[in-house]
Protein chains: 2
Amino acid sequence: MMPTADGVVRASKLPLYHQLYEILREKVRRAEWRPGEMIPSESELLKRYGVSRVTARQALDALVRDGLIYRERGRGSFVARPALEKGIMRILSFTEDMLQRGLTPGTRVLCAGVIRAPFEIAEKLSVEAGEELVRLERLRLAENEPLSIEESHLIHRYCPGILKHDFAQESLCEVLERDYGIRWSRATQVIRAVVAAPREAEILSIRPRSSLLFLERISYSQQSTPLEFLRIQYRGDRYALYNELTG
Amino acid sequence: MMPTADGVVRASKLPLYHQLYEILREKVRRAEWRPGEMIPSESELLKRYGVSRVTARQALDALVRDGLIYRERGRGSFVARPALEKGIMRILSFTEDMLQRGLTPGTRVLCAGVIRAPFEIAEKLSVEAGEELVRLERLRLAENEPLSIEESHLIHRYCPGILKHDFAQESLCEVLERDYGIRWSRATQVIRAVVAAPREAEILSIRPRSSLLFLERISYSQQSTPLEFLRIQYRGDRYALYNELTG
DNA sequence: TAGTGGTCTAGACCACAAA
DNA sequence: TTGTGGTCTAGACCACTAA
């Protein structure tokens with residue numbers, strides 16, 4: 001439900017300030033303006049999009065809160081430098097994560113199919129036990145070396161037919177967004193240290209009983225519906241998480 | 001620079017919406033209204049504080065973003081239930097952490113002394129190698145069972161004489177705040193899974209080569225000076241971290 | 001001095017909830 | 001029907017920056 005072309009649609013159900021916010025956010029994201037560069041002033045936006053000043057400011061304020069732009073009185077509004085994630089951990093796809101770390105990502109599919117939700121997973125996804133889930137198990141590589149095993153569980157009825165894709169080539173995230181309009185708004189996760197089971201040790205090419213960093217994550221759609229339950233087991237010797245805390 | 005009494009001050013340098021925000025935030029914080037209870041409607045706030053609707057809404061929107069209130073069209077604005085810390089991890093003392101988890105904390109001091117900063121720690125604290133550091137190693141207990149080993153390193157010149165305290169009884173955090181005026185404003189940390197070394201396994205009463213959740217944390221004072229380098233090794237079988245991610 | 005963003009106002013129409 | 005919050009407008013004055 002994006003505003004068509006490049007302008008706001010007054011007939012739309014989406015508020016004008018939200019449409020304008022989306023338009024400007026896309027321009028920043030697509031790097032239409034470079035970091036540090038000035039974006040159109042408020043008065044230009046009023047003329048360009050035919051909205052009132054308050055409405056335009058509502059959109060701009062949201063961009064400031066997102067850390068995408070900053071504003072200086074008397075000077076203008078500017079695209080922010082790629083922000084240091086202010087203590088907030090973002091949901092990253094494996095590919096994004098690897099590229100940020102300067103590593104080349106790779107993927108092999110270990111297993112892909114539909115299963116009946118066991119009780120403990122059904123509970124986390126707020127569905128009935130026995131509900132159909134898409135289960136996708138992938139080996140993730142960094143620089144062609146095994147790094148982690150990811151086991152995704154998606155509620156099948158929200159993404160029917162998704163298994164026809166080859167997830168060694170395509171990103172699950174991208175397919176969900178492109179074909180099903182699903183994007184993650186937030187997630188909760190538990191972080192543990194566990195001992196590698198024999199099967200996982202073999203797949204990851206490590207000694208049995210090595211340490212693994214183990215994540216269990218529930219991801220929520222924009223409608224705040226839990227749609228994915230994810231388990232990731234990272235090789236303890238090759239992966240660490242980084243975060244910031246506030247006082 | 002709080003608004004005096006209970007009203008906005010038009011002569012103040014602080015914007016009206018910010019004054020109103022502070023006033024309302026205090027009322028919520030002091031539990032003047034109970035969670036779930038309706039707060040005055042916009043029209044009441046306009047009359048009560050003599051501001052325009054846009055201004056009042058600016059204050060209310062900020063409270064919504066803070067998670068202190070929620071609003072429902074046609075019904076009113078209500079005090080939110082105690083919010084789940086929205087993805088931001090806070091720096092907790094061991095005691096706070098245990099009490100939140102409903103466990104009884106305990107501490108034994110394994111080692112306390114002054115050392116010369118080795119290179120890798122000096123670097124993280126931005127001091128010269130060889131600078132005097134207070135090193136405090138503690139065993140942490142939950143329900144009288146070993147849970148973790150904490151190794152703190154503090155820059156000695158910021159807290160001279162701190163070792164006269166008995167840290168089996170006193171909290172390091174509290175002593176730092178009370179006697180030295182030091183409080184943590186933020187921290188950065190790295191999270192890993194490691195294999196327990198023989199000494200640590202013995203202290204923690206676990207099998208050798210068990211998995212440990214390993215944190216390395218640098219804590220910054222209010223002046224943004226790094227003052228503490230902390231290593232914590234948690235038993236993997238008894239401890240997990242929880243956090244939230246944003247999309 | 002001209003242009004920018006920061007603040008504030010009075011008033012309007014709407015969708016929605018509850019009585 | 002009444003009251004609530006959601007959206008939007010046109011216009012105003014201000015402080016600040018840069019020429």
Side-chain angles (χ1 to χ4, degrees), chain A residues 1 3 7-25 27-28 33 36-80 222-223, chain B residues 1 3 7-25 27-28 33 36-80:
Chain A
M1 188 77 92
V8 293
V9 182
R10 303 196 83 90
S12 164
K13 292 197 155 188
L14 289 163
L16 292 183
Y17 70 85
H18 191 259
Q19 293 183 43
L20 185 52
Y21 162 76
E22 295 265 21
I23 290 169
L24 297 175
R25 193 182 58 156
K27 293 199 187 225
V28 172
W33 304 302
E37 198 177 325
M38 184 175 163
I39 71 172
S41 70
E42 292 183 358
S43 57
E44 285 177 75
L45 291 174
L46 309 194
K47 276 183 292 192
R48 170 76 184 76
Y49 294 99
V51 297
S52 73
R53 183 151 177 232
V54 179
T55 303
R57 284 181 61 83
Q58 224 171 331
L60 292 166
D61 288 346
L63 292 169
V64 169
R65 281 196 299 276
D66 287 353
L68 291 176
I69 66 169
Y70 60 93
R71 320 186 71 194
E72 287 183 26
R73 197 204 302 242
R75 300 221 313 128
S77 303
F78 307 87
V79 177
Q222 289 130 309
Q223 290 74 39
Chain B
M1 188 75 94
V8 294
V9 183
R10 303 195 84 90
S12 165
K13 292 197 157 190
L14 290 163
L16 293 183
Y17 70 85
H18 192 258
Q19 294 183 43
L20 185 52
Y21 163 76
E22 295 264 22
I23 290 169
L24 297 176
R25 195 182 56 158
K27 295 200 184 222
V28 172
W33 304 301
E37 198 177 323
M38 185 175 163
I39 70 172
S41 71
E42 292 183 358
S43 58
E44 286 177 74
L45 292 174
L46 308 194
K47 276 184 292 193
R48 170 76 184 75
Y49 294 99
V51 298
S52 73
R53 182 149 178 235
V54 179
T55 303
R57 285 181 60 84
Q58 223 170 332
L60 291 166
D61 287 346
L63 292 169
V64 170
R65 281 197 297 277
D66 287 353
L68 292 176
I69 65 169
Y70 60 93
R71 320 186 71 195
E72 286 184 26
R73 196 202 305 239
R75 300 222 311 128
S77 303
F78 307 87
V79 177

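Reminder, nothing fancy here: chain letters follow the sequence lines and each chain counts from 1. The structure displayed is predicted, hence computed values, not measured ones.
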Stepwise side-chain contact (heavy atoms from CB on, under 4.5 Å) check, A:I39 with A:I69: CA-CA 9 Å; A:I39 71 172; A:I69 66 169; 4.2 Å; yes
[N] [atom2] sits how many Å from [X] [atom1], rounded?
X: B:L63; N: D:dG5; atom1: CG; atom2: P; value: 13 Å
X: B:L46; N: D:dG3; atom1: CG; atom2: P; value: 15 Å
X: B:I69; N: D:dG6; atom1: CD1; atom2: P; value: 9 Å
X: B:Y70; N: C:dA17; atom1: OH; atom2: C1'; value: 14 Å
X: B:M38; N: D:dT4; atom1: CE; atom2: C1'; value: 7 Å
X: B:R73; N: D:dG5; atom1: CZ; atom2: C1'; value: 7 Å
X: B:F78; N: C:dA17; atom1: CZ; atom2: P; value: 12 Å
X: A:L16; N: C:dA12; atom1: CG; atom2: P; value: 20 Å

Can you tell me how far [atom2] of [Y] sits from [atom1] of [X], rounded to the nearest 0.5 angstrom?
X: A:L45; Y: A:R57; atom1: CG; atom2: CZ; answer: 11.5 Å
X: B:M38; Y: B:R71; atom1: CE; atom2: CZ; answer: 10.0 Å
X: A:L60; Y: A:R65; atom1: CG; atom2: CZ; answer: 11.0 Å

Kindly say if [X] contacts the phosphate of [N], meaning a side-chain N or O under 4.0 Å from OP1 or OP2.
X: B:R57; N: D:dG6; answer: yes
X: A:S77; N: C:dG5; answer: yes
X: A:S52; N: D:dC8; answer: no
X: A:R71; N: C:dT4; answer: no

First encountered from the 5' end of DNA chain D, between A:T55 and B:G74: B:G74
Sugar-phosphate only, base, or nothing, as touched by B:L60 at under 4.0 Å among non-hydrogen atoms: nothing
Sugar-phosphate only, base, or nothing, as touched by B:Q58 at under 4.0 Å among non-hydrogen atoms: nothing
Quick check for you: among [options], whose closest atom lies nearest to any side-chain atom of [X]?
X: B:E44; options: C:dG6, D:dT4, C:dT9; answer: D:dT4
X: A:R53; options: C:dG5, C:dT9, C:dC16; answer: C:dG5
X: B:V54; options: C:dA10, D:dT7, C:dC8; answer: C:dA10
X: B:Y17; options: D:dC8, C:dC8, D:dC16; answer: C:dC8

5' precedence on DNA chain C between B:R75 and A:D61 (nearest-nucleotide basis): A:D61
Donor-acceptor contact present, side-chain A:Q19 to main-chain A:V9, <3.5 Å: yes
